[in-house]
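Within every chain, numbering begins at 1; the chains are lettered A, B, ... in the order of the sequence lines, protein sequences first and strands thereafter.
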Protein chains: 2
Amino acid sequence: MTDIIEAYLKKVLKQKEQVEIRRSEIAELFDCVPSQINYVINTRFTIQKGYLVESKRGGGGYIRIIKVQVLDELDMLNTMVEIVGNSITERDAKSVVQRLYDDKIITKREAKLMIVAMDKSLYTGNRVTDNRVRANLLRSMLVNLCYEEPNKRKAD
Amino acid sequence: MTDIIEAYLKKVLKQKEQVEIRRSEIAELFDCVPSQINYVINTRFTIQKGYLVESKRGGGGYIRIIKVQVLDELDMLNTMVEIVGNSITERDAKSVVQRLYDDKIITKREAKLMIVAMDKSLYTGNRVTDNRVRANLLRSMLVNLCYEEPNKRKAD
DNA sequence: ATTCTTGACTATCTTTGACTAATAGTAATT
DNA sequence: AATTACTATTAGTCAAAGATAGTCAAGAAT
């Protein structure tokens with residue numbers, strides 16, 4: 001169900017760069033409880049994945065999902081560094097890398113190298129420590145990409 | 001039983017590049033406990049044998065087995081994985097990466113990504129812990145370089 | 001000795017619904 | 001006209017229950 005709603009919203013977002021819904025309408029359309037919509041938004045339309053969400057309650061309330069626009073490669077990388085901050089979960093870190101790949105800032109091989117490095121099982125086992133170390137790693141790699149020549153490889 | 005399940009999955013993989021199952025369904029189909037499926041996967045569909053496994057838990061969960069192409073550099077990379085072992089210093093780690101680059105197994109960008117990730121300053125500050133985490137990271141990255149996924153043909 | 005089978009326990013993701021919070025509309029009061 | 005109080009209409013939060021898959025170690029089979 002989550003996947004279906006996600007796909008629906010993404011489909012709309014492919015054509016318009018933002019989508020505005022009424023929570024109860026979408027819930028009815030897919031025959032689920034309204035809070036399911038919040039779940040989809042909280043797990044699939046995060047800032048790490050490049051989305052902003054605004055909403056208003058009460059009469060005429062709405063939920064608006066906006067696809068974040070970035071200027072260029074450098075802007076994207078800087079934005080990502082901010083999002084990473086000094087602590088990040090495995091899931092969010094992987095979302096960030098995936099987004100770089102989707103936007104063709106890194107190659108598939110680079111993305112895979114970075115993604116495996118985000119895996120929880122590689123670290124100390126202390127959640128707080130691990131999230132900090134992961135953020136350090138990811139930030140360093142992102143900053144490093146800022147100084148590199150862009151890829152001039154064939155598309156993959 | 002293990003052999004039967006292995007044969008079943010391989011038969012499917014002969015026609016498709018990947019197979020996606022629901023663990024409980026297959027367990028029921030062959031009348032075994034669900035964890036048997038994990039055993040089959042862990043012993044028969046390893047990365048060394050050319051298979052990549054992805055999974056998701058919870059509602060709508062799945063296990064996906066993907067056939068991958070093992071690259072020529074496999075031996076070289078396996079040797080390096082052994083050299084890394086379960087603990088490695090920053091200096092030795094960087095040498096390993098440098099060697100990969102000299103041997104043209106990785107690009108310059110990839111090398112730099114890996115090198116920055118080996119830096120002592122990113123870790124916990126505890127030498128023993130750091131060397132272990134660094135080894136974990138480097139090993140995972142090396143293993144990751146051993147194979148290549150087939151081109152996906154999936155509309156999204 | 002090694003490989004396989006089993007199941008108890010754990011981890012993660014999704015679904016649901018009761019309760020809470022915010023906003024707009026409306027009617028009564030000043 | 002402005003304010004207040006109440007009601008209706010949304011959306012948000014959170015925790016429990018449900019649905020999967022993963023791990024691990026003991027025991028069985030080879």
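Taking atom CG of B:Asp31 as the reference point, atom P of C:dC4 lies 19 Å away to the nearest angstrom. Counting to the nearest Å, the C1' atom of C:dT15 and the CZ atom of A:Phe30 are 16 Å from each other. Rounded to whole Å, the distance from CD on A:Glu28 to P on D:dT9 is 14 Å. Between the C1' atom of D:dG18 and the CZ atom of B:Arg22 lies a distance of 13 Å, rounded to the nearest Å. With rounding to whole Å, A:Arg91 atom CZ is found 11 Å from C:dT14 atom C1'. In this structure, B:Arg64 places its CZ atom 13 Å from P of D:dG22, rounding to the nearest Å. Across the protein-nucleic acid pair, B:Ile41 atom CD1 and C:dC4 atom C1' stand 16 Å apart, rounded to whole Å. Distance, B:Asn38 CG to C:dA8 C1': 14 Å, rounded to whole Å.
Backbone-only engagement by A:Ser24 is indicated by non-hydrogen atom pairs under 4.0 Å involving sugar-phosphate atoms exclusively. Backbone-only engagement by B:Ile63 is indicated by non-hydrogen atom pairs under 4.0 Å involving sugar-phosphate atoms exclusively. B:Gly58 comes within 4.0 angstrom of a nucleotide base, judged by non-hydrogen atoms across all strands.
A:Ser35 has no side-chain polar atom (N or O) that falls below the 4.0 Å cut-off from OP1 or OP2 of C:dT15. B:Tyr39 has no side-chain polar atom (N or O) that falls below the 4.0 Å cut-off from OP1 or OP2 of C:dT5. Residue B:Ser55 places at least one side-chain N or O closer than 4.0 Å to OP1 or OP2 of D:dG22.
Side chain A:Arg57 to base D:dG12: no donor-acceptor pair is found below 3.5 Å.
Side chains of B:Cys32 and B:Ile5 form a contact here, defined as non-hydrogen atoms less than 4.5 Å apart. Residues A:Arg99 and A:Met80 are in side-chain contact: their nearest non-hydrogen atoms beyond the backbone lie under 4.5 Å apart.
Each of B:Lys56 and B:Arg44 lies near DNA chain C, and the nucleotide nearest B:Arg44 is the one positioned closer to the 5' end. Looking at which nucleotide of DNA chain D each of B:Gly59 and A:Gly59 is closest to, the 5′-most match is held by A:Gly59.
Checking D:dT23, D:dG12, C:dT5 against every side-chain atom of B:Arg23, the shortest atom distance belongs to D:dT23.
Residues passing the ring pair (Phe, Tyr, Trp, His ring centres under 6.0 Å) test with B:Tyr51 are B:Phe45, sequence neighbours excluded.
Figure legend: A:Arg22 and A:Tyr62 shown without cation-pi pairing, the cationic atom not lying both under 6.0 angstrom from the six-membered ring centre and within 45 degrees of its axis.
For the residue pair B:Asn144 and A:Arg109, no side-chain donor N or O sits within less than 3.5 Å of a side-chain acceptor on the partner.
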